[in-house]
Amino acid sequence: MDRNTVIGLSLIGLIIIAYSIYTQPGPEEIKALQHRRDSIEKVEQLKQASAVKIQQAKPVDTAIAPLSDTAKMAIEKEKLGDFSSWAEGTEQLLTIQNDLLKVVVTSKGGKIKHAELKGYKTWEGKPLQLLKSDSSGFNLSFSAQNRIINTSDLYFTSPPITGADSTVRLRLQVTDQKYIEYVYSLPKNSFLLNFSINVVGMEDLIANNASYLNVDWKDDVTSNEKSIENERIATTVYYRFSDEDIDFLSESSDEKESLKTRVKWIAFKQQFFTTALIADNSFDSPIVETITDKDSKTSVKKLLASFSLPYDRKNQQSYGMRFYLGPNHYQTLKKIEDLNLEKTIPLGWGIFGWVNRFLVIPTFNFLDSFNINYGIIILILTFLVRIILLPLTYGSFKSQAKMKVLQPEMNELNEKFKDDPMKKQQELMGLYKKAGVNPLGGCIPGLLQLPILIAMFRFFPSSIELRQQSFLWAHDLSTYDSILDLGFKIPFYGSHVSLFTLLMTVSTLIYTKVNMQMTTATNPQMKWMMYLMPIMFLGFFNNYSAGLSYYYFLSNMMGFGQQYLFKAFIDEDKIHAQIQENKKKPVKKSSFQQRLEQMSKQRGLQAPRKK
């Protein structure tokens, strides 16, 4: 990118922001629009009132008598066959719970009405519930007597059986020897809810050509956090194939995937909580989908999964599974056998994930064991990371100091060979070789630090430990902090002011300026970009995790301290003297330098021929 491109992009951005602000409706326009909406609402109300009056004015047709109970039963019999007696009933709620989880099961459809996590609250302070009855569904469907039977439409009965593990049984019972049974049991101190479907004596009722029972599972995830936008970009469907390979649907856009194979589990993963359905064996040919209503203020995403259970037409056939209803806590998910559910936490791919799993998380958990404030934990964690990176940072600073000492000689070579780039490069490489300076010495340590910076970027927004943990003015380190609500939205920035983000941005700009002073021969366009990047990130981090902005701010401040410490130990005069001594020593040309010289000679020979 040259200077004109950078200036052009900056002007385009400013024009877009100015146009967005300029085209916002003024107070009078807003008032006029509101008046128009009120008028339309009044007209609709009058229309509805008129329609009601007309309906009331019509004479009642007494010729049509209400259906008798016998007629209703005949209709249901035709619709549901032997299952018609379960089409009507009274909803019963049955509760099973332990110290971590409270699950309420409803007899209507036999599904989970809601599951309450006892140790967690929503950001509004309300009980945190998963799989709410008005937004979730679980349906077993099959073909019977030329009809499609959906268990979600039927009322189960509950025999009064309760064991030590808090067990609930729900049945759709045709006869004593013919029924479909759902069994729920909740062990102590566990987020795993055991669930099994028992099909007994149904082989003569289920269609002869039916080799599968179909399951439809869905959840319209409702918002539990302060920022529904951050929830949306972290909510999707995960699944694990039988060969332990894990995949997921896109988090940024709606997607539908027909897998055409078997999976071990399907997880409806939210920002900080997960509802997963785990098969004892496997689920066949699942179809998974995400749907987003971006205009909704409560619905995060609709998550859907459909799959098949093989039916072998045995007299008794059982399908064992388990629900995981709990937090996205790495150690908690890691302990659940070898299911790899912990991989639903987005810690980053490749080396970034390794840094989080083997360095950041163990260190964080160790500090957390001392029961200190999470703001202090982040401070200590930042200090430890800076200590680990100290040799790399020192090497980078020393390399920059050497390049600074060589700057006058480099400028002379640039001026002398400004019309011959090849010769200039050759002379510069010779200067570096004689002086014993690596021109990439300042870049390589920075690249080695990059995995930790990116790992932290993934760790903080997905760390449930920071959820609803306050520090200074931030009430929740897992989401943005706000010291001022603007009352209006600024494009690319937001409607609030995050102080941690401002501190991070200002410290980054100062840190960049200090590094620029140490860096030699910096391209002017590159300087522009280095200063522009923190300002561009201001809008992004303004709505991001306060813990992450706080970490980057601390890292910058500690970086300042390290630089002042290095200056006290690094003497540029001594470095200059050492470089002069190195120049006196014989230099062995590298293969790269030899190639440069050869190319330069060939170019010199070609010039007379062209002339």
Side-chain angles (χ1 to χ4, degrees), residues 359-360 363 367 375-411 435-457 460 471-472 499-524 526-535 537-538 541 547-580:
L359 176 63
V360 178
T363 305
L367 296 174
I376 305 301
I377 289 178
I378 295 175
L379 174 63
I380 298 173
L381 181 65
T382 310
F383 179 76
L384 293 176
V385 170
R386 275 290 178 177
I387 292 296
I388 293 172
L389 297 175
L390 184 60
L392 296 176
T393 309
Y394 179 77
S396 177
F397 188 88
K398 190 173 182 179
S399 178
Q400 289 177 355
K402 290 180 178 179
M403 294 293 289
K404 186 178 180 181
V405 170
L406 283 178
Q407 185 62 42
E409 298 180 53
M410 293 167 58
N411 291 338
V437 175
N438 182 0
L440 298 179
C443 301
I444 295 176
L447 291 175
L448 294 176
Q449 296 177 44
L450 192 60
I452 294 181
L453 292 176
I454 297 179
M456 292 299 185
F457 180 82
F460 283 103
F471 180 68
L472 298 178
L499 183 54
F500 274 132
T501 304
L502 285 177
L503 292 173
M504 180 202 72
T505 303
V506 172
S507 63
T508 303
L509 289 171
I510 298 174
Y511 193 72
T512 301
K513 184 177 181 179
V514 172
N515 281 331
M516 287 294 184
Q517 294 173 351
M518 289 294 300
T519 305
T520 58
T522 303
N523 190 311
M526 184 60 68
K527 285 185 177 180
W528 260 91
M529 290 300 298
M530 293 296 289
Y531 285 120
L532 188 61
M533 288 295 287
I535 298 175
F537 281 129
L538 176 64
F541 280 92
L548 180 64
S549 299
Y550 172 54
Y551 168 79
Y552 284 150
F553 167 68
L554 290 175
S555 184
N556 287 339
M557 299 307 295
M558 291 182 185
F560 293 143
Q562 285 182 343
Q563 287 193 350
Y564 285 113
L565 185 65
F566 295 156
K567 285 182 180 179
F569 287 94
I570 294 178
D571 188 348
E572 292 185 3
D573 294 334
K574 187 179 291 186
I575 291 177
H576 184 268
Q578 181 64 44
I579 288 176
Q580 298 307 318

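Note that the coordinates shown come from a computational prediction; the quantities given were computed from them, not determined experimentally.
- Summarising the local packing, CZ of Phe537 is surrounded by 12 or fewer heavy atoms from other residues, nucleotides or ligands at distances under 6.0 Å.
- The minimum heavy-atom distance between Met456 and Val385, with the atom names listed, is CE-CG2, 3.8 Å.
- Minimum heavy-atom separation, Ser507 to Phe553: OG-CD1, 3.7 Å.
- Rounding to the nearest 0.5 Å gives a distance of 11.0 Å between OG1 of Thr508 and CD1 of Ile535.
- By the 4.5 Å heavy-atom criterion applied to side chains, Leu359 and Ile388 are counted as neighbours.
- Using a 4.5 Å heavy-atom threshold, the side chains of Phe460 and Ile378 count as touching.
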Which is it for Tyr552 and Leu453 under the side-chain contact (heavy atoms from CB on, under 4.5 Å) test, yes or no, and what are the steps along the way?
-> CA-CA 9 Å; Tyr552 284 150; Leu453 292 176; 4.1 Å; yes
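- Side-chain contact check for Phe500 versus Phe471: some heavy-atom pair is nearer than 4.5 Å.
- Taken from CG in Leu381 to CD1 in Ile376, the straight-line distance is 12.5 Å, to the nearest 0.5 Å.
- Put simply, the side chain of Ser555 never gets that close to the backbone of Tyr551: no donor and acceptor are under 3.5 Å apart.
- Leu367 CG to Ile380 CD1: the interatomic distance, rounded to the nearest 0.5 Å, is 5.5 Å.
- Other residues, nucleotides and ligands place no more than 12 heavy atoms under 6.0 Å from the CZ atom of Phe383.
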Run the numbers on Met558 and Leu379 for side-chain contact (heavy atoms from CB on, under 4.5 Å), then give the verdict.
-> CA-CA 10 Å; Met558 291 182 185; Leu379 174 63; 3.8 Å; yes
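- Closest approach of Met504 to Asn556, counting heavy atoms only: O-ND2, 3.7 Å.
- A donor-acceptor pair under 3.5 Å links the side-chain atoms of Thr501 to the main chain of Phe541, judged by distance alone.
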